[in-house]
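In this text, all values refer to a predicted model and were calculated from it rather than measured experimentally.
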Protein chains: 2
Amino acid sequence: MMANARKSRRPTLADVAQRVGVSAKTVSRVLNEDGPVSESTRVKVLAAVEELGFQPNLMARNMRMGTRDSTVGLIVPEVGNPFFGALAGGVEGAVRGHGLTLLMAASEEDEQQEHTLVTAFLARRISGLLVVPAAGSNHRYLRRERDSGLPLVFVDRPATGLSADAVVSANEEGARTGVAHLAAHGHRRIAFIGDRPATLYTRKMRQRGYESALEAAGIPYDPSLVVSAHDPYTAGVAVRRLLDSPTPPTAVFTANNVASLGVLPALAEAGRRDVALVGFDDLPLAGVLQPGLTVVAQDPAAIGRAAAEQALARLRGERGAARTVTVTVRLVERGSGELPPPKAQP
Amino acid sequence: MMANARKSRRPTLADVAQRVGVSAKTVSRVLNEDGPVSESTRVKVLAAVEELGFQPNLMARNMRMGTRDSTVGLIVPEVGNPFFGALAGGVEGAVRGHGLTLLMAASEEDEQQEHTLVTAFLARRISGLLVVPAAGSNHRYLRRERDSGLPLVFVDRPATGLSADAVVSANEEGARTGVAHLAAHGHRRIAFIGDRPATLYTRKMRQRGYESALEAAGIPYDPSLVVSAHDPYTAGVAVRRLLDSPTPPTAVFTANNVASLGVLPALAEAGRRDVALVGFDDLPLAGVLQPGLTVVAQDPAAIGRAAAEQALARLRGERGAARTVTVTVRLVERGSGELPPPKAQP
DNA sequence: TTGTAGGCGTTATCAC
DNA sequence: GTGATAACGCCTACAA
């Protein structure tokens with residue numbers, strides 16, 4: 001009744017060969033269109049391959065040929081996060097045309113887990129490794145890999161303890177632009193709602209941009225206007241507290257989309273249509289809001305693409321010092337960032 | 001100057017063994033905590049491993065042990081799409097704890113490419129295969145794989161030409177609920193904006209739900225209210241045309257998030273706050289809109305998780321007939337779906 | 001045009 | 001405790 005396929009192991013080159021009455025090498029030749037093969041055996045071999053459902057074993061092939069596995073590893077903090085998902089899409093698209101496949105895993109922002117994943121990836125002899133470093137992780141241990149020529153690119157955040165290729169957004173410049181935009185519209189009390197932990201690379205860079213925009217506008221830095229949040233809820237709570245303070249901000253700069261997703265509902269519920277807002281990172285319905293959400297838009301797919309291309313370049317044999325590519329961001333004015341402060345000067 | 005690491009191939013078990021003055025098998029024993037090893041050699045071996053930067057070659061190991069590659073392949077139409085990204089996140093999370101890694105590629109909704117990717121995945125001897133079928137693809141050719149025990153799960157859309165495990169959303173029921181919701185609020189002209197091609201599984205199921213809700217409400221089916229769109233722009237155009245018609249709808253049901261993303265701006269630009277709207281698929285800022293967007297929310301991460309778990313169960317040896325898991329959806333009322341028709345009956 | 005020997009890096013087996 | 005040998009499935013090198 002039941003097919004006896006269960007027990008039987010998969011057919012190998014030898015099985016096909018035996019079935020046809022030729023040597024394994026001949027089958028190999030047919031399949032790889034290698035040396036010359038008579039048309040008659042070619043046909044018979046292909047028939048047997050079809051009949052037995054033979055599929056070449058890539059692991060054996062790679063091993064024999066000494067080639068690396070045709071995958072590119074990508075480690076991100078969170079696979080489900082839309083930002084990293086779009087980034088992964090950029091990597092996959094860039095890599096697929098080169099016969100490479102994306103191998104992806106989540107570090108959950110845990111340096112230990114990141115290390116474990118990296119090790120597992122190296123064990124499978126991947127062709128390239130892209131890492132969005134977990135907060136606090138150190139990459140000294142990858143020195144040997146980098147030196148041995150493994151394409152190694154850090155994405156969104158640079159490596160720590162190791163000089164290596166990296167692709168990042170124009171974080172500081174973008175934040176500076178966004179905050180300067182608010183200042184240009186007359187705001188002098190501008191809150192900054194950033195990532196937690198505050199030591200996170202992107203958080204630091206964006207805060208630096210915030211501070212430099214304030215300075216350029218001649219606005220004194222007020223630490224009470226700078227808060228941290230790691231999820232929408234705490235961001236919402238934080239912004240309410242700020243608005244309820246004796247000296248509230250008239251504008252808010254959210255340093256990432258998580259913060260924006262918390263601040264927007266908080267403002268809506270509080271009925272505060274008067275507070276100006278610029279967010280780092282674009283969001284799907286940003287243009288449909290009333291007013292539209294002004295953002296400093298990153299291009300996660302472009303970041304992924306750039307990282308993949310850097311890895312491919314190294315794979316091609318390009319040598320030279322570690323290179324950091326900065327992907328531009330752009331200010332998208334939609335209304336929320338152009339609101340004037342309540343008591344505009346006459 | 002330059003390290004001579006470039007040329008030297010990676011150290012193997014034999015290299016480590018030679019360095020210590022033991023056999024390869026002993027090193028293997030130490031690393032796998034296999035047979036008994038004296039403490040002194042254990043220490044020496046580990047030191048050599050460290051020093052040489054030895055990393056076991058998984059390909060060789062798998063080959064020798066006859067085990068499959070510790071990866072689970074996932075093929076989606078588009079990696080960058082937030083829906084599939086979240087789905088992939090569910091898969092990755094479910095699979096990671098089992099020592100499996102996610103291998104992901106995009107079919108770009110092309111059956112040919114899907115086939116190519118499947119073949120490539122099978123060649124690397126993956127432990128399980130999850131596929132979101134491209135529109136129009138046929139899966140008869142996977143019959144042998146399924147029979148040989150490879151965990152094979154179709155996700156979001158069922159297989160064609162093959163009876164196999166599948167995980168899908170409650171598409172028909174969800175659409176029926178959403179449309180019934182509009183009908184319950186007094187609407188009798190309800191437009192349906194669905195996927196293109198109209199033969200797509202999810203599109204068909206959702207339209208079926210739409211039609212059955214109409215029937216239950218005693219509303220005649222009007223084909224002029226049913227349109228297709230594959231991107232936000234065409235969806236926006238379609239809805240405008242509908243609203244400008246002599247007998248316009250008073251409510252719209254968007255059968256996927258792409259349609260919602262096109263219809264929402266179109267309504268906003270037209271200043272049509274009176275048109276009721278229910279969308280299939282949730283969106284990040286849906287609750288911040290004025291009015292909030294009422295949706296039939298899918299749970300893509302849960303779909304991915306369920307698919308991965310089904311594959312893991314098969315991997316554990318669970319036999320039995322193909323099984324289809326339906327993941328529930330839920331209606332989230334936020335305002336847009338509760339708007340009454342303009343001329344409400346007294 | 002086709003076949004044989006050997007080895008890629010690892011582990012199972014069985015001996016010492 | 002430890003080691004020699006063979007084998008996993010494939011391809012390179014060389015021979016026939």
**Study point:** Interatomic distance, B/Leu58 CG vs C/dC8 C1' [rounded to whole Å]
**Key:** 15 Å
Practice item. Figure out the CZ/P separation between A/Arg124 and C/dT10, and round it to whole Å. Key: 15 Å
Review point. Among A/Arg146, A/Arg323, A/Arg314, which residue meets the salt bridge (charged side-chain N to carboxylate O under 4.0 Å, His left out) test with A/Asp165?
Key: A/Arg314
Exercise for review: Applying side-chain contact (heavy atoms from CB on, under 4.5 Å) between A/Val72 and each of A/Leu130, A/Leu129, A/Leu315, report the one that passes.
Suggested key: A/Leu130
Review point. Does any donor-acceptor pair link the side chain of B/Arg64 with the base of C/dT11 at a separation under 3.5 Å?
Key: yes
Check your understanding: Contact class for A/Leu13 vs. all strands (heavy atom < 4.0 Å): base, sugar-phosphate, or nothing?
Key -> sugar-phosphate
Point to revise | Nucleic acid contacts - residues 25-50 of chain B versus DNA chain D, non-hydrogen atoms under 4.0 Å | key: B/Lys25, B/Thr26, B/Arg29, B/Pro36, B/Val37, B/Ser38, B/Thr41
Check your understanding: Within the structure shown, what part of the strands sits under 4.0 Å from B/Met63 by heavy-atom distance: base, sugar-phosphate, or nothing?
Key -> base
Review point. Does the A/Glu109 side chain pair with the main chain of A/Ala135, one donor and one acceptor, at a distance under 3.5 Å?
Key: yes
Review point. Over how many whole Å does the gap from B/Gln18 atom CD to C/dG9 atom C1' extend?
Key: 15 Å
Exercise for review: Return yes if some donor-acceptor pair links the side-chain N/O of A/Arg305 with the main-chain N/O of A/Ala94 below 3.5 Å, else return no.
Suggested key: no
Check your understanding: Between which nucleotides of DNA chain D, read 5' to 3', does contact with chain B run, using atoms under 4.0 Å from its heavy atoms?
Key -> D/dG1 to D/dG9
Point to revise | Any donor-acceptor pair under 3.5 Å from A/Thr119 side chain to A/His115 backbone | key: yes
Point to revise | Ionic contact status for B/Arg96 with A/Glu108, cut-off 4.0 Å | key: yes
Review point. Does B/Ser127 reach the main-chain N or O of B/Asp69 with its side chain, forming a donor-acceptor pair under 3.5 Å?
Key: yes
Exercise for review: Whole angstrom is fine here: how far is it from CZ in A/Arg68 over to C1' in C/dC8?
Suggested key: 14 Å
Check your understanding: Does a salt bridge link B/Glu39 with B/Lys44, judged by any charged N lying under 4.0 Å from a carboxylate O?
Key -> no
Point to revise | Spacing between A/Arg61 atom CZ and C/dG9 atom P, to the nearest angstrom | key: 17 Å
**Study point:** C/dG9 phosphate, OP1 or OP2, under 4.0 Å from B/Thr12 side-chain N/O
**Key:** no
Exercise for review: Starting from the 5' end of DNA chain D, give me the residue, B/Ala24 or A/Ala60, whose nearest nucleotide shows up first.
Suggested key: B/Ala24
Check your understanding: Hey, is the main chain of B/Thr160 close enough, under 3.5 Å, to the side chain of B/His139 for a donor-acceptor pair?
Key -> yes
